[in-house]
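Note on naming: letters A, B, ... go to the chains in the order of the sequence lines (proteins, then strands), and numbering restarts at 1 for each one.
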There are 2 protein chains.
Amino acid sequence: MPKTPTCPHGSTMTVTCSDCSLNPICLPIAVSKDELIQLDEIIKRGRPIKKGEHIFNAGEGFRSVYAVRSGTLKTYTLTENGEEQITGFYLAGEILGMDGINTNHHSNSAKALEASAVCEIPFERLEELSAKIPSLQRHFFQLMSREIQADQQLIMLLSKKPADERIASFLLNLGSRHENRGLSGERYRLNMSRSDIGNYLGLAVETVSRTFTRFQQKSLIKTEGKEVEVLDKEGLRTISNKARTP
Amino acid sequence: MPKTPTCPHGSTMTVTCSDCSLNPICLPIAVSKDELIQLDEIIKRGRPIKKGEHIFNAGEGFRSVYAVRSGTLKTYTLTENGEEQITGFYLAGEILGMDGINTNHHSNSAKALEASAVCEIPFERLEELSAKIPSLQRHFFQLMSREIQADQQLIMLLSKKPADERIASFLLNLGSRHENRGLSGERYRLNMSRSDIGNYLGLAVETVSRTFTRFQQKSLIKTEGKEVEVLDKEGLRTISNKARTP
DNA sequence: CGACTACTTGAAATATTTCAAAGTGAGTGG
DNA sequence: CCACTCACTTTGAAATATTTCAAGTAGTCG
């Protein structure tokens, strides 16, 4: 595990991949030390994004994918009638923008839910490097495959109709992603609004709100604004797996 | 456009990529003539699959991706309580199995909805070849990106709650995929059962059935068993885009 | 501190699910 | 080749969950 220097000025602009604390879960996982130097050269590091700011917009030409360095982002598309449909939330270490590879245009927009920072990875350079470094090519295939799996998990979530199940699964999913980052999976902050959650899960805001209070009455969770505490993970798990045909 | 020889014995075992009629929409689109020969060498062509048979099962080790040569397939996972959740339908020329790249194990099972044939493409060989042929690498990235987009379209479908909208979108989507294959987008066969459609769209079978008859009463479509005829594409489009907040 | 947005809560309206049953079709075996 | 069975589809009526509409409360940001 590489030493992670703490920067006295809070700036992330000068951190290299080798020094980045996300090193073990981000792209670099795939490459050796010298290769990492090459990767570092093509990456534009630590661009800060203010809350509400966009990284890219649907329809724009596709040039790069982005690794979340810190903060939280959401991706979404606009339906034909102008409604927003959220397609994903992205935490530190996750890669977004891969939807644009197919048509060479982004099909989603990406927006920061809080002050964040992203590393921009020019895709053409990544392709060139991938052809030279087999493990990087493999890793990038894996990242895309992971995105496919994540989308399919959401599909399963949306297909199980009861609101309880969707929200229980959602909370557990966020929890385990936090744990993978070495953070608490029992106590974390929902950086997205209730309305974002509803949109993402195909539920009305009011349903989200009501389900949260119901969960609280059952002592499954405790919420305080955007903070959530999972009190009974097993209980949530039971709900999220509730059998419909006993 | 290459000449597509008709095989007098109906066998697909001897057809090469160069001769395959799906040539313009399948993997070969990315490569030159000599490169196609290399691609042809690694592909195990035209394995026939009986109706109901599996190509791969969830949990199995991942070795290959598969191109549909003919027929229709579905992919699905089993939820924790043993319920099937369909994640996709695949028509001729489409590639499946990419979900397994991430963990090196398939997360879905794939099953034939009718007698079908698939070309098996060993993934390691494809990776090697991709590193050598930049346009192939690019194309495979694009294929994965397309899968991501398809999943996200389904997410949008599932998030728009009314059954009419889901089913209208579903029928239009299938239609345009048929058109891309040079087949009629107005008249085609639903190779999946009503129950499969319901499962895929997050609806009860009964709701699917009722919605079909309602569409029929409105002269939007005409069904006869598994055959569908789209009578009023514009009408379906209007329903699929129905604004919820006027 | 005030305006604005986000969140919560209640009650009525609505759509879908569930339960029940009949009709249809395909495949099998006599 | 026909009859039978099993699975799939359709239809109806009641039950249920979520949405919608409405209003009040809390939080946030300038």
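Q216(B) and T223(B) are linked by a side-chain donor-acceptor pair at a separation below 3.5 angstrom, with hydrogens and angles left out of the test. Counted by atom type alone, E120(B) and S64(B) present one or more donor-acceptor pairs between their side chains at under 3.5 Å. Inspection of the S116(B) and S70(B) side chains reveals no N or O donor paired with an N or O acceptor under 3.5 Å.
Between K226(B) and dG25(C), a side-chain N or O to OP1/OP2 separation shorter than 4.0 Å is absent.
One interatomic measurement links the two molecules: CD1 of I239(B) to P of dA15(C), which rounds to 14 Å at whole-angstrom precision. Residue N191(A) contributes atom CG, which lies 13 Å from atom P of dT28(D) at whole-angstrom precision. Nucleotide dA7(D) holds its C1' atom 16 Å from the CG atom of L113(B), rounded to whole Å. One can place NZ of K51(B) at 11 Å from C1' of dA7(D), the figure rounded to the nearest angstrom. For R189(A) and dT28(D), the CZ to C1' distance is 12 Å, given to the nearest whole Å. Rounded to whole Å, the distance from CD1 on I167(B) to P on dT9(D) is 13 Å. The interatomic distance linking E224(A) (CD) with dT28(D) (P) rounds to 11 Å, in whole Å.
Remark: Q85(B) engages I155(A), M156(A), S159(A), T77(B), T79(B), N199(B) in a side-chain contact (heavy atoms from CB on, under 4.5 Å) (not counting sequence neighbours). Residues passing the ring-ring contact (aromatic ring centres under 6.0 Å, His included) test with F56(A), sequence neighbours excluded: Y66(A), H106(A). With sequence neighbours left out, the side-chain hydrogen bond (donor to acceptor under 3.5 Å, both in side chains) criterion links T72(B) to E114(B), N191(B).
Taking the ring centroids of F170(A) and Y200(A), they lie under the 6.0 Å cut-off. Side-chain rings of H178(B) and Y188(B) approach one another, their centers coming within less than 6.0 Å.
Within residues 192-199 of chain A, no residue is approached by DNA chain D to less than 4.0 Å at the level of any non-hydrogen atom. Scanning residues 203-220 of chain A for heavy-atom distances under 4.0 Å to DNA chain C yields E206(A), S209(A), R210(A), T213(A).
Comparing the end axes of the helix from dC1(C)-dG30(D) to dG30(C)-dC1(D), each fitted to five base pairs by superposing C1' atoms of four pairs onto the next four, gives an inter-axis angle of 50° (nearest 10 degrees).
Checked by atom type and distance alone, the side chain of N57(A) never pairs as donor or acceptor with a backbone atom of E60(A) at under 3.5 Å.
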Problem set entry | From CA spacing to verdict: side chain to side chain contact (heavy atoms under 4.5 Å, CB included), L73(A), F89(A) | CA-CA 6 Å; L73(A) 300 148; F89(A) 298 112; over 6 Å; no
For this session: Determine, stepwise, if the pair C119(A) / R47(A) fulfils side chain to side chain contact (heavy atoms under 4.5 Å, CB included).
Result: CA-CA 6 Å; C119(A) 301; R47(A) 173 172 141 208; over 6 Å; no
